[in-house]
There are 2 protein chains.
Amino acid sequence: MKIGTHLIARNKEYLIYGISMALVLFLLKMLVAHFIVYNYRLDFFIGSIAIVFTVLGVWLALKLMKPKVETRIVEKEVYVTDPDSIPIDHAEIARLGISKRELEVLQLISDGLSNEEIAEKLFISLNTVKTHSSTLFQKLDVKRRTQAVEKAKRLNII
Amino acid sequence: MKIGTHLIARNKEYLIYGISMALVLFLLKMLVAHFIVYNYRLDFFIGSIAIVFTVLGVWLALKLMKPKVETRIVEKEVYVTDPDSIPIDHAEIARLGISKRELEVLQLISDGLSNEEIAEKLFISLNTVKTHSSTLFQKLDVKRRTQAVEKAKRLNII
DNA sequence: GTCAAAATCATACTTTCGTGTGAGTGAAAT
DNA sequence: ATTTCACTCACACGAAAGTATGATTTTGAC
């Protein structure tokens, strides 16, 4: 009894679909038998069936599709005494889509270097450093390098 | 040229579906014309069409649907240093001759605020903030605000 | 009350930073 | 083979930051 109800509930969509399909088929057969001329309207007839069942298929799929889960992260602060004991959150870095080079630039920014100095240290042009830091700021959702440093330290990515 | 390609790419699914539908219809008509007896196999015929287009409909829906999202909240631990565990070195501040106001500005700089924002927060002009930060940099013997923050944290004066 | 330091502001100027746009290359993935 | 992505670079422009100089006002100490 209980199992039966359960099964019906779990497969309700399939049941509904099956019944709908049977009904529609029955209806179509009635129409065929009584009103519709076989030959010259056959194309239209087939088209109709196709459309109806396409719609049914779409409806079925929409009903049955399992929703994709999206994780939302809530920060929870844990206080530690030794600053060096703070582990770097590689997962967070990956989540933000920060590349290796960008991370290097971020580290040097937090060391207080200017873009020019960073360029010299990494043997790349000033423009490249600017590009890196600009994309970095977007990924960190900040406007300035000082904010980037503040947020990066808060997120334990440097 | 570019727009054309773009449009085709964006609506590829629709195109494929349309072409598939046309092909299947054509195929069915051929079958009808040559092999299938109209009357007593009509049920089977209609059933086949129904199944085919249901499958197509499902496929279409799965292809086109934006995935349903279901948010799931996950707590994440963020390690931070206990602010109280690092005492502020007032002696060092005095030694460097940093004034009260300058220290305020320094703190706000390390919070990532722009000079403009600092000015608003302290109800003073932008020029005054610049003056403060400039003298601050001299006292800290640094050239930029990022360096100032780095050094200030190292010296435990913020 | 005087004096020095701190705090305020301005003007003008230079430097650095940051964005937008576009583009080329090489490596890895499909 | 084609696409995608990280990395590289350039140029132009606007927005901040920083310096220099000088001035006025507050404040606290002597």
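Numbered from 1 within each chain, the chains take letters A, B, ... in sequence-line order.
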Item to complete: Supply the atom-to-atom distance A:L113 CG to B:Q147 CD, rounded to the nearest 0.5 angstrom.
Response: 7.5 Å

Response to the item:
Taken to the nearest whole Å, CG/B:N127 to P/C:dA7 is 17 Å

Worksheet item: Just to confirm, is there a sub-4.0 Å distance from OP1 or OP2 of D:dA16 to any side-chain nitrogen or oxygen of B:N115?
Response: no

Worksheet, complete the sentence: Taken to the nearest whole Å, CD/B:E116 to C1'/C:dG18 is 17 Å

Fill in: B:K143 with A:E117: basic N within carboxylate O range, under 4.0 Å
no

Practice prompt. Would you mind telling me which residue lines up with the more 5' stretch of DNA chain C, B:G97 or B:T128, judged by nearest nucleotide?
Written response: B:G97

Worksheet item: For D:dT19, does OP1 or OP2 lie under 4.0 Å from any side-chain N or O of B:S134?
Response: yes

Worksheet entry | d(CD1, B:I98; C1', C:dA7) in whole Å | 16 Å

Discussion item. Nearest whole Å is fine: how far is C:dA6 P from B:I124 CD1?
Written reply: 16 Å

Worksheet item: Any Lys/Arg nitrogen of A:K100 or A:E104 sitting under 4.0 Å from an Asp/Glu carboxylate oxygen of the other?
Response: no

Discussion item. Under 4.0 Å, heavy atoms only, any strand: does B:S133 hit a base, just the sugar-phosphate, or nothing?
Written reply: nothing

Worksheet item: Do side-chain atoms of A:D82 reach the backbone of A:D84 as a donor and acceptor pair under 3.5 angstrom?
Response: yes

Worksheet entry | Spacing of B:L108 atom CG relative to D:dA16 atom C1', expressed in whole Å | 17 Å

Discussion item. I want to check one thing: is the phosphate of C:dT8, taken as OP1 and OP2, less than 4.0 Å away from some side-chain N or O of B:R101?
Written reply: yes

Worksheet item: Expressed in angstrom and rounded to an integer, what is the separation of A:K100 atom NZ from C:dA27 atom C1'?
Response: 11 Å

Worksheet item: Quick one: is B:S125 getting a side-chain N or O under 4.0 Å of the C:dA10 phosphate, OP1 or OP2?
Response: yes

Worksheet item: Can you tell me if the side-chain N/O atoms of B:S99 get under 4.0 Å from OP1 or OP2 in C:dA7?
Response: yes

Worksheet item: Are the side chain of B:N156 and the backbone N or O of B:D89 linked by a donor-acceptor pair below 3.5 Å?
Response: no

Worksheet item: Side chain of B:S114: nearest nucleotide among D:dA16, C:dG18, C:dG20?
Response: D:dA16

Worksheet item: Does a nitrogen or oxygen in the side chain of B:H132 sit under 4.0 Å from OP1 or OP2 of C:dA7?
Response: no

Worksheet entry | Nucleotide D:dA15, atom P - distance to CZ of A:R144 in whole Å | 14 Å

Discussion item. Heavy-atom nearest nucleotide on DNA chain D for A:L126 versus B:L126: which residue maps closer to 5'?
Written reply: A:L126

Item to complete: Write down the distance between CZ (B:F137) and P (D:dA17), rounded to a whole number of angstrom.
Response: 9 Å

